Amino acid sequence: MSKIIEVLTFSAPIPGDGRHRAEELRRQQATQAKGEQVYLNTLSVSFVNYYLFCMGFETDLNKSDSWNVIQQTLMDVADLSLKNLGLLECRPVLSDAQFVYVPPEVQSNRIGYVVVQIGKSFREAKLLGFVKQVQTDLLPINQLQPLDELLEYLEELSQFQLADNSLTCHQNLVNLKQWLENIFESGWQEIETLLGTPSVNPAWSLRSANGAFISRGKLIDLEKILSDAYGGLRQRAVVLVVTLPPDNEQEMDVIVEVHPTNGQDYLPPNLHLMILDFEGGSVMEAQTRSSNKNIQLEFSCEMGERFSVKLALGDISITENFVIC
Amino acid sequence: MTNDWRKQLDAQLKELAIAAQQYTQLTKEKRIALTRLINTIWQSGKLVRPYKGQFQLLYEDIYDEAVQNLFFYLCQDNNINRYDPERGEVMTWVNMLLTKRFFPEAIPKVIGKENEINLENSHWENIPSSQPISLFEQVRECIESDPEFIFCKEHIKGHPEANFQAIAQRRCSGISWKDISAEWGIGITSLHNFYQRCLKKFANKFQEYLYI
């Protein structure tokens, strides 16, 4: 009797150019352990890239940190960039492994994690399954979701991306430079109006010698979006706060936060806050756990730069676009 | 028993091929059917090994390349519809494709590549042989010497000690994020977010310094 494979996996040879690259990069490392890590990461990414290519998804190795020789040397990274969707982490394991190691530096800013079992010959590999998120360094293999779920998930993401693009291309850019001159786009209100406190951080209310913190908030009605998509199953609204600290000269510092609406104590769990570059690639990400009062990201932009802030809860996401000029 | 197993395999493959033929677009259902089909073909061990005994050490490379291209072909452009269930088994069809088309096509690709490798080797291997120093050592030295003082200047807000150079040196020495976090009292997430942003920011600098 044949074993009829119930759980969907995918095995095939690893692409030859991936193997050559992995071999070359391994020889460039200082220790055997680091060499092995770079070798397996490269094999793994190359294999997933082949599989997704077969499945008709557009990938871009050159936009993947794992394919940059310096980053592969200085980090433990196995990401694969999927066009318009984000980074998929491809973690390698050897046969018989019970757990897969997910280093802290790749536990955010990923659309998901696939686990690739590298065969004993290092010539073939097997996709064991995937998860959307990880919250631990060692993920048990038996907690993986089957490959069907990955295909379904990527298909959904592609469709949302299409919807998202058509939504955002008509949306106005919020110009942060104008905020310094007290010109605010409609929808961006004073913090007190939205949260009932004069400022999200008491220290920011004080004027410093160089000027004041400029903070504005916008009510993001996830409820409306959710009820449109799910017939009003859940209701959530949050406040997106953008703050410009004083003393912004060449580079502009930006603080982006999400707060619960006035009267609520916590943000919904699994709410993702992402900063996207002008091409839509995620550069930073934060995510709420079970009881977060707020989440925050801080970064610097140069004049003329464009970025977007994306809030995502489950399958629902909204994007606000900003420019500094 | 063996015969039964083979019959069952053939029936299963036929069913999967017909399932994949039902969809003209690459939908989730079609992708699942194709994944299962290819996986079953590969795991069955019934794919032929044509021209066995030839090409010596390159045989495996040619074979893998051929199989890769065969599987890719099965997924593309509704090629799966070229399989006619009335005319025979899936295994017979794919073995014919492998022998007649994909293996012969893979031979020049692999043998050609083998000849090219010494000529146009990857850039980071093009470092003159008088300098048998690994990429890792070059990167490490470059960060340490910091010729334009940019690596030590770039630091986490309010923590000049937590600059890119100091973090990279610790990571190169194998010190964990946890220990670095404890040393400076800075959260792991802030540390590696900052580190990753620096790596992106300095990507061109590294290329310039290391001629890659």
Side-chain angles (χ1 to χ4, degrees), chain A residues 1-5 8-17 19-21 24-25 27-31 33-35 50-51 53-56 65 68-71 73-75 77 103-109 121 123-124 126-127 147-148 151-152 154-156 253 283-286 297-299, chain B residues 1 4-5 8-9 12 26-28 31-32 34-36 38-40 42-44 60-61 63-65 67-68 71-72 74-76 110 113 117 121-122 124-125 134-140 143 157 168 171-172 174 177-178 188-189 191-193 195-197 199-200 202-203 206-207 210 212:
Chain A
M1 280 287 291
S2 75
K3 350 167 213 54
I4 293 179
I5 307 145
L8 188 62
T9 57
F10 177 82
S11 13
I14 297 170
D17 45 4
R19 278 191 292 110
H20 293 143
R21 186 187 175 91
E24 280 168 17
L25 268 182
R27 283 191 261 119
Q28 299 291 331
Q29 305 308 317
T31 62
K34 178 66 192 174
Y50 168 71
Y51 175 65
F53 184 56
C54 283
M55 291 293 115
D65 290 348
N68 176 306
V69 293
I70 305 287
Q71 301 201 38
T73 300
L74 290 173
M75 289 200 286
V77 64
E105 64 254 51
V106 303
Q107 286 179 22
S108 58
N109 187 18
S121 64
R123 297 192 70 97
E124 64 173 302
K126 183 181 194 176
L127 294 185
L147 220 43
D148 332 25
L151 293 171
E152 184 169 352
L154 292 181
E155 188 173 300
E156 271 172 18
D253 291 332
V283 282
M284 285 177 106
E285 188 177 330
L297 291 173
E298 200 174 330
F299 54 95
Chain B
M1 201 62 178
D4 278 356
W5 176 82
Q8 205 176 347
L9 173 70
Q12 196 189 349
L26 257 180
T27 56
K28 177 189 77 189
R31 287 176 171 135
I32 291 173
L34 287 169
T35 301
R36 214 178 270 282
I38 291 170
N39 194 53
T40 312
W42 179 248
Q43 300 270 21
S44 75
E60 290 302 319
D61 283 358
Y63 185 73
D64 284 356
E65 173 83 22
V67 171
Q68 292 252 323
F71 289 167
F72 180 64
L74 295 180
C75 296
Q76 291 309 294
V110 171
K113 241 184 220 165
I117 275 175
N121 224 331
S122 332
W124 67 87
E125 277 222 327
S134 72
L135 175 70
F136 174 84
E137 285 306 328
Q138 294 177 58
V139 172
R140 185 189 207 146
I143 292 170
K157 246 192 177 151
R171 289 298 292 160
C172 284
W177 286 117
K178 216 170 156 185
I188 292 180
T189 316
L191 280 171
H192 61 67
N193 268 338
Y195 184 63
Q196 290 184 42
R197 264 190 294 140
L199 287 176
K200 277 201 197 333
F202 294 137
F206 278 119
Q207 297 203 337
L210 302 173
I212 53 173

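Numbers restart at 1 for each chain; the letters A, B, ... are given by sequence-line order, proteins then strands. Model, not experiment: these values are computed from the prediction.
- We find that B:Lys200 and A:Asp65 are joined by a salt bridge, their nearest charged nitrogen and carboxylate oxygen being less than 4.0 Å apart.
- B:Tyr195 places no side-chain N or O within donor-acceptor distance of the main-chain N or O of A:Glu105, the cut-off being under 3.5 Å.
- Considering CG of A:Leu127 and OG1 of B:Thr35, their distance stands at 8.5 Å, rounded to 0.5 Å.
- Here A:Leu147 contributes atom CG and B:Arg36 contributes atom CZ; the two are 9.5 Å apart, rounded to the nearest 0.5 Å.
- To the nearest 0.5 angstrom, A:Lys34 atom NZ is 11.5 Å from B:Ser134 atom OG.
- The minimum heavy-atom distance linking B:Cys75 with A:Cys54 is given by the pair CB-O, 3.1 Å.
- We find that A:Glu152 and B:Arg31 are not joined by a salt bridge, their nearest charged nitrogen and carboxylate oxygen being 4.0 Å or further apart.
- Proximity to chain A involves both the backbone and the side chain of B:Ile32, based on heavy atoms less than 4.5 angstrom apart.
- Looking at A:Phe10, the atoms closer than 4.5 Å to chain B (heavy atoms on both sides) sit in the backbone and in the side chain alike.
- Proximity to chain A (any heavy atom under 4.5 Å) is shown, for B:Val67, by both the backbone and the side chain.
- Proximity to chain A (any heavy atom under 4.5 Å) is restricted, for B:Lys157, to the side chain, taken from C-beta onward.
- Counting heavy-atom pairs closer than 4.5 Å to chain B, the top residue among A:Pro104, A:Gly56, A:Pro103 is A:Pro104.
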> Stepwise, does the salt bridge (charged side-chain N to carboxylate O under 4.0 Å, His left out) test hold for B:Lys28 with A:Asp148?
Replying inline: CA-CA 8 Å; B:Lys28 177 189 77 189; A:Asp148 332 25; over 6 Å; no
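- For chain B, the nearby part of A:Lys126 is the side chain; its heavy atoms alone come within less than 4.5 Å.
- Across every non-hydrogen atom of B:Leu135 and A:Gln28, the tightest pair is N-OE1, 2.8 Å.
- In the model, B:Thr27 has no side-chain atom that pairs as donor or acceptor with a side-chain atom of A:Glu155 under 3.5 Å.
- Comparing B:Arg171, B:Glu137, B:Gln196 by heavy-atom pairs within less than 4.5 Å of chain A, the highest count is held by B:Gln196.
- Contacts between A:Met284 and chain B at a heavy-atom distance below 4.5 Å involve the side chain alone, from C-beta outward.
- In this structure, A:Val69 and B:Gln207 have side chains that are not in contact, with every pair of non-hydrogen atoms separated by 4.5 Å or more.
- Put simply, OG1 on B:Thr189 and CG on A:Asn109 are 12.0 Å apart, with the number rounded to the nearest 0.5 Å.
- Proximity of a side-chain donor or acceptor of B:Asp64 to a complementary backbone N or O of A:Pro13 within less than 3.5 Å is not detected.
- The neighbour count for B:Phe72 CZ, taken as heavy atoms of other residues, nucleotides or ligands under 6.0 Å away, is above 12.
- Heavy-atom distances place no part of A:Gln107 under 4.5 Å from chain B, backbone and side chain included.
- With a threshold of 4.5 angstrom between heavy atoms, B:Arg197 approaches chain A through side-chain atoms but not through N, CA, C or O.
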>> I'd like to know whether A:Ile70 forms a side-chain contact (heavy atoms from CB on, under 4.5 Å) with B:Leu210, so could you lay out the CA-CA distance, the side-chain angles of the two residues, the decisive distance to 0.1 Å, and finally the verdict.
In response: CA-CA 10 Å; A:Ile70 305 287; B:Leu210 302 173; 3.5 Å; yes
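- Interatomic distance, A:Leu297 CG to B:Asn193 CG, rounded to the nearest 0.5 Å: 7.5 Å.
- In this structure, chain B has heavy atoms under 4.5 Å from both the backbone and the side chain of A:Phe53.
- Of the atoms belonging to B:Leu74, not a single heavy atom falls under 4.5 Å from chain A.
- Interatomic distance, B:Phe136 CZ to A:Thr73 OG1, rounded to the nearest 0.5 Å: 8.5 Å.
- Judged by distance alone, the side chain of A:Arg123 and the main-chain N or O of B:Glu60 form a donor-acceptor pair under 3.5 Å.
- Interface residue B:Gln68: backbone and side-chain heavy atoms are both found under 4.5 Å from chain A.
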